[in-house]
Amino acid sequence: MTAPSIVAPVRVLTAAQARQARLLHEERADALTAEHRERRARGEKHPVEDFLFSYYPFSTARLRRWHPGWRMAYDPVADLDPAGHGIGGDVQEDGSRTWYVDVPAGTFESEIPDGDVPAGTLLRRADVDRYLAERSDALGFMVRLLSASSMARRTPQFGCFGLHEWAMVHGLRPGQQRHEALPLRLSQAETDAVVERERLVCSHIDAFRFFTPSAAPRNATQPTRATQEANDNPACLHVGMDLHTS
């Protein structure tokens, strides 16, 4: 996968416009994570919402971090406070921003400034070239996986009935469950009976890898990371969840 050294932006923001865009993003992120942050401060757990921050590597601080988009550019002054200090966790002491590159305005004819941006002014944009150089394998995998598992490319299968969750606790003894504070709706014996009675057809590696040793052999297939592109089901809950990180 190759790309030009510097990707031309299609829109350019002034410092004021970039600051406003950041503020709106931060306000939205703060509103969406407020209850989670308040619970965390109290040491209180939530059985559902905490999962989004423990299973996926996204902290509330990272979700709050504004990103203009890979085809956007902006005046880097927007990343400094009135005292000249960097704003945000990815702005360095010298004012540079991690995974961004600064180049003079007017470098590309395709630039469409949204305000008065004099030629020669440094503009900041995502360092796409570095990302492709260092992360092209991961990006390629995500593109192939999302394309292959879309409903336009693959017929969805709805017959798993979410039994991967049951298979994750099959055959466990007291004290072995990861979430002991949340009792099962059925007894352990009744839960085991469902897993043993029904046909397990889980096709997603990131669900299957949590099956207990006694449940894994009962699955119709044995998904692996290598076969994920060929097997992922567009109707799968976990495939949908992966959109969160792609």
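Just so you know, these numbers come straight off a predicted model, no measurement behind them.
Take R153 and apply the side-chain contact (heavy atoms from CB on, under 4.5 Å) test, not counting sequence neighbours, and it matches S147, S150. Under the salt bridge (Lys or Arg N to Asp or Glu O under 4.0 Å) criterion, E38 pairs with no residue at all, not counting sequence neighbours. Scored by the side-chain contact (heavy atoms from CB on, under 4.5 Å) test, L186 finds W166, E190, T191, V194 as partners (sequence neighbours excluded).
R125 has its side chain out of reach of R71: every pair of non-hydrogen atoms, C-beta onward, lies at least 4.5 Å apart. Between T227 and E229, the closest side-chain pair of non-hydrogen atoms is not below 4.5 Å. A 4.5 Å side-chain heavy-atom check between S59 and F53 finds every atom pair outside the cut-off. Residues S96 and V91 fail the side-chain proximity criterion, which asks for heavy atoms closer than 4.5 Å.
Screening residues 79-94 for salt bridge (Lys or Arg N to Asp or Glu O under 4.0 Å) gives R22-D79, D79-R124, D90-R97 as the qualifying pairs, with residues at least two apart or on separate chains. For the salt bridge (Lys or Arg N to Asp or Glu O under 4.0 Å) condition, the pairs that include at least one residue of residues 209-222, sequence neighbours left out, are D206-R209.
With 3.5 Å as the limit, one finds no donor-acceptor pair spanning the side chains of S54 and D50. Side-chain polar atoms of N233 and H204 form no donor-acceptor pair below 3.5 angstrom.
Under a 4.5 Å side-chain heavy-atom criterion applied to ILVMFWY residues, the cluster that includes L24 comprises that residue alone.
Classification of R39 and E49 as a salt-bridged pair holds, one side-chain N sitting under 4.0 Å from a carboxylate O.
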